[in-house]
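Just so you know, these numbers come straight off a predicted model, no measurement behind them. Every chain is numbered from 1, with letters handed out A, B, ... down the list of sequences. All values below were derived from every heavy atom in this structure, side-chain atoms included, with hydrogens, water molecules and symmetry-related copies excluded.
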Number of protein chains: 2
Amino acid sequence: MQQAARERLVKFGIRPSVQRIAIMKYLLTHRTHPTVDEIYTALAPEIPTLSKTTVYNTLHLLYEHGAILLISIDPANTHFDGYTHPHAHFLCTKCTKVYDVEIDDTAFVDRNKPSMAAEITDSELYYVGVCRECGKQ
Amino acid sequence: MQQAARERLVKFGIRPSVQRIAIMKYLLTHRTHPTVDEIYTALAPEIPTLSKTTVYNTLHLLYEHGAILLISIDPANTHFDGYTHPHAHFLCTKCTKVYDVEIDDTAFVDRNKPSMAAEITDSELYYVGVCRECGKQ
DNA sequence: CTACAAAATTGTAATCGTTGTAAAAATGAT
DNA sequence: ATCATTTTTACAACGATTACAATTTTGTAG
């Protein structure tokens with residue numbers, strides 16, 4: 001998975017540093033849509049000199065090169081997703097978890113591209129509500 | 001339009017105060033998806049005692065009652081929309097304007113509701129890119 | 001191998017949108 | 001008219017993100 005992370009960086013034209021590989025690897029092995037803080041806290045033990053600024057910088061770099069998704073649905077924190085195939089996201093406002101949502105018509109988003117756009121760099125479909133887990137209580 | 005704003009508040013079970021009417025009216029007459037600051041700056045002259053906290057409180061109240069939409073696509077600012085019919089939004093990263101985007105299949109979002117959701121309170125479809133206006137330069 | 005320029009990382013300070021809080025003002029009911 | 005409730009207000013505090021300049025690492029040419 002270390003190797004997969006490195007290859008993904010190279011594939012998207014990003015030079016693979018220790019920090020970048022670790023962050024990419026974290027996103028590939030944790031499909032939990034982590035926040036900057038979660039990633040930083042998880043990696044700090046194995047990379048003691050890691051700076052939170054580096055996590056910010058790296059995630060934005062990965063996002064701008066199309067290697068990861070940026071999820072802006074949670075007003076409190078930006079989440080990130082290492083898997084870039086077409087899918088939607090669901091935010092539970094109780095536990096603030098972000099879930100993946102498969103969509104039946106993956107061409108829908110492309111079909112409805114805004115006419116006033118000269119260029120589209122990203123598109124996102126979000127749902128907000130309460131998950132079954134939290135709904136029980 | 002003053003009257004339309006008042007009626008909309010009542011329709012959604014919100015008591016119509018001077019401040020609430022003014023904010024609702026602003027959203028109905030300015031289809032620019034304004035931010036908290038834009039609304040506050042615009043209304044402060046006519047309501048000199050207006051507090052920014054009130055604008056925050058009121059917008060969240062309106063949103064929670066379903067009278068307006070909350071647009072979270074812009075990392076820098078939350079935008080609001082007084083028109084709640086099904087449509088998408090497009091953020092230009094150059095001028096940070098938010099445009100309305102009509103969608104061909106308004107049932108799409110409902111059809112793909114996440115299975116792990118006990119309750120859905122909101123759904124949003126976003127596009128990010130550069131608008132024609134900014135693309136010229 | 002060495003030196004130098006470019007790129008990446010780091011720590012700290014600063015920014016700024018948003019929220020918390022408690023007091024003041026306005027409103028509605030008795 | 002009085003009192004409880006709701007709403008508004010001002011200000012402080014918070015916290016995610018960014019700015020910045022210094023330090024470290026990396027790649028390349030000699």
Under 3.5 Å, side chain of B/R132 to main-chain N/O of A/S115, donor-acceptor pair present?
-> yes
Distance-only polar pair, side chains of A/D122 and A/Y63, donor-acceptor under 3.5 Å | yes
Can you tell me the distance, in whole Å, between the CG atom of A/N77 and the P atom of C/dT18?
-> 14 Å
The side-chain contact (heavy atoms from CB on, under 4.5 Å) partner of A/Y40 among A/T53, A/V55, A/T35 is A/V55
From A/R8 CZ over to A/I21 CD1, what is the distance, rounded to the nearest 0.5 angstrom?
-> 14.0 Å
Taking every heavy atom of B/C92 against every heavy atom of B/C131, the minimum-distance pair comes out as SG-N, 3.4 Å
Can a side chain N or O of B/H60 be found less than 4.0 Å away from OP1 or OP2 on C/dT18?
-> no
Separation of atom CG in A/L50 from atom P in C/dT12, rounded to whole Å = 14 Å
Here the distance between atom C1' of C/dC16 and atom OH of B/Y40, to the nearest Å, is 16 Å
Indicate, with a heavy-atom threshold strictly under 4.0 Å, whether B/T53 touches base, sugar-phosphate, or nothing.
-> base
Heavy-atom closest pair, residues B/G82 and B/I68 | CA-CG2, 4.1 Å
Please work out if B/T35 contacts a base, only the sugar-phosphate, or nothing of the nucleic acid, heavy-atom cut-off 4.0 Å.
-> nothing
Closest listed nucleotide, where the reference is the side chain of A/R20 and the choices are C/dG11, C/dA8, C/dG17 | C/dA8
Minimum-distance nucleotide to A/S51 side chain [options: C/dG17, C/dG11, C/dA8] = C/dG11
Closest non-hydrogen atoms of A/H87 and A/Y83, given as atom of the first, atom of the second and distance, are CE1-O, 3.3 Å
To the nearest 0.5 angstrom, please state how far the CE atom of A/M24 sits from the CG atom of A/L61.
-> 11.5 Å
Can you check the A/N57 CG to C/dT12 P distance for me, whole Å?
-> 16 Å
Specify the separation, in whole Å, of atom CD1 of A/I47 and atom P of C/dT9.
-> 10 Å
Would you please classify the geometry between the B/H60 ring and the B/F80 ring as parallel, tilted or perpendicular, with 30° and 60° separating the classes?
-> perpendicular
Under a criterion of less than 4.0 angstrom to any heavy atom of chain B, what are the 5'-terminal and 3'-terminal contacting nucleotides of DNA chain D?
-> D/dT6 to D/dC11
Distance test, side-chain N/O of B/T78 to OP1/OP2 of C/dT18, below 4.0 Å | yes
Between C/dA8 atom C1' and A/I21 atom CD1, what is the distance in whole Å?
-> 13 Å
Does any donor atom in the side chain of B/H89 or B/D81 lie under 3.5 Å from an acceptor atom in the other side chain?
-> yes
Table of protein N/O atoms under 3.5 Å from nucleotides 26-30 of chain C N/O atoms:
none

Take the protein atom OH of A/Y56 and the nucleotide atom C1' of C/dT15, then report the distance between them rounded to whole Å.
-> 13 Å
Just checking B/D37: base, sugar-phosphate only, or nothing, at a heavy-atom cut-off of under 4.0 Å?
-> nothing
Taking for each residue the nucleotide of DNA chain D bearing the nearest heavy atom, is the 5' side occupied by B/S17 or by A/K52?
-> B/S17
